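Structure record follows, encoded as structure tokens.
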Amino acid sequence: MTMETGTSDVGVVEGYMGYKVSEIWDALDPKVTIPNWKDLVSDYAKYNEAARTANPPKTFRYAGHDRGELDLYNQNVPSGAPTLIFFHGGGFSLLSKEDMAFPAPAFNAEGIAYISPGYPLAPGASLAELLSSTQQAGKWIYEHAQELGIDRERIYVGGGSAGAYISAYLLTTDWRQFGLPRSIFRGGILLNGVFDAKPLYLSEGWSYLGIKADQVEALAPLSRIGNLVDPVLLARAEDEPPLTHIGNDQFAKAARSRGLLVDNHVGPGSNHFTLVLDLANPRSDLFRMMTDMILERAKGR
């Protein structure tokens with residue numbers, strides 16, 4: 001790997017983390033390194049169907065666009081429970097809130113309410129528009145906590161892949177700009193994430209996100225790390241594209257430097273599309289770490 005100089009609409013740019021601009025896509029997109037990814041994602045459907053049948057969600061609208069709804073799963077969960085908001089992945093362009101139903105029964109069994117929000121997808125929405133919509137979701141949940149039957153002081157936010165990027169963006173938002181406390185979350189859980197917008201901007205493969213040169217820093221959770229005030233648990237699969245591995249560890253290092261890193265877990269034998277299945281397995285190390293974090297911190301700051 002060598003650095004190269006490329007060109008863009010804003011002039012001369014360099015590669016990223018030792019990768020040429022032309023190499024970023026292959027070094028970042030797990031669909032390149034895991035050829036059977038469609039089969040793995042298709043497996044989610046049977047788990048989601050079973051979860052939604054056994055535990056039908058309550059659906060709420062938080063915004064006017066087509067995907068401006070969220071599903072609340074709280075079967076047998078007492079009112080005022082701690083809550084996990086979990087954003088789906090899919091490269092900002094695939095999947096939906098229904099594709100993250102399968103973890104709900106396991107979290108509900110632990111007394112944790114579970115929310116799966118929808119959000120607008122690229123290329124119909126730019127990354128900036130998409131992230132703004134997820135801020136709407138976070139704000140709506142916090143402001144409607146009583147209606148949802150959750151404790152707004154015990155809300156955790158997380159996601160996998162693109163969902164991890166979204167969650168990190170929300171965790172590095174100063175919510176005072178929306179008339180709310182500085183942070184509306186108690187902590188974050190980030191799986192298989194990249195948290196820098198620069199490789200997404202540089203690579204032609206991610207051009208559908210519509211990132212402009214003057215947005216790269218503002219849209220990057222890593223660049224906004226100074227706003228992070230809540231503890232975060234990071235996890236990545238053992239088999240990850242190299243830039244996902246690097247991106248995960250970048251954010252973990254930054255969180256550690258602020259005294260906010262709970263752990264940086266590596267899921268043995270897992271890949272980008274299978275690690276998230278641990279969220280439905282109460283015996284998995286990742287599930288135990290997540291529930292320990294949520295339930296223990298729910299006892300009070």
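Since the model is a prediction, treat every value here as computed from it, not as a measurement.
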message = If you apply the rule salt bridge (charged side-chain N to carboxylate O under 4.0 Å, His left out), what do you find for Asp174 with Arg224, and how did you get there?
response = CA-CA 10 Å; Asp174 186 339; Arg224 298 153 49 96; over 6 Å; no
Task: Asp196-Tyr16 side chain donor-acceptor pair, cut-off 3.5 Å - done: yes
Residue pair Tyr44 / Val276, side-chain heavy-atom distance below 4.5 Å:
yes
Side-chain donor-acceptor contact under 3.5 Å, Ser116 with His88: no
**Asked** Do Asn108 and Asn76 get their side chains close enough for a donor-acceptor pair, meaning under 3.5 Å?
**Response** no
Lys31 meets the side-chain hydrogen bond (donor to acceptor under 3.5 Å, both in side chains) criterion, sequence neighbours left out, with Asp29
Taking atom types as modelled and ignoring hydrogens, do the side chains of Arg152 and Thr83 form a donor-acceptor contact shorter than 3.5 angstrom?
no
Hey, does the side chain of Asp230 reach the backbone of Gly187 with a donor-acceptor pair shorter than 3.5 angstrom? no
Is it true that Ser42 and Asp39 share a donor-acceptor pair across their side chains at a distance under 3.5 Å?
no
Hits for ring-ring contact (aromatic ring centres under 6.0 Å, His included) against Phe87, two or more places apart or cross-chain, chain-then-number order -> none
Which of Leu70, Ile155, Asn74 passes side-chain contact (heavy atoms from CB on, under 4.5 Å) with Ile115? Answer is Leu70
Do Glu204 and Trp25 come within less than 4.5 Å of each other through their side chains, counting heavy atoms only?
-> no
So, do Phe287 and Phe107 have ring centers that fall under 6.0 Å from each other? yes
Do Gln250 and Met17 come within less than 4.5 Å of each other through their side chains, counting heavy atoms only?
-> yes
Taking everything shown except Glu147 itself, do over 12 heavy atoms lie less than 6.0 Å from its CD? yes
Hits for side chain to side chain contact (heavy atoms under 4.5 Å, CB included) against Asn271, two or more places apart or cross-chain, chain-then-number order -> Ile34, Leu40, Asp239, Phe273, Thr274
### Message
Just by distance, no angles: are the side chains of His245 and Glu240 close enough, under 3.5 Å, to form a donor-acceptor pair?
### Response
no
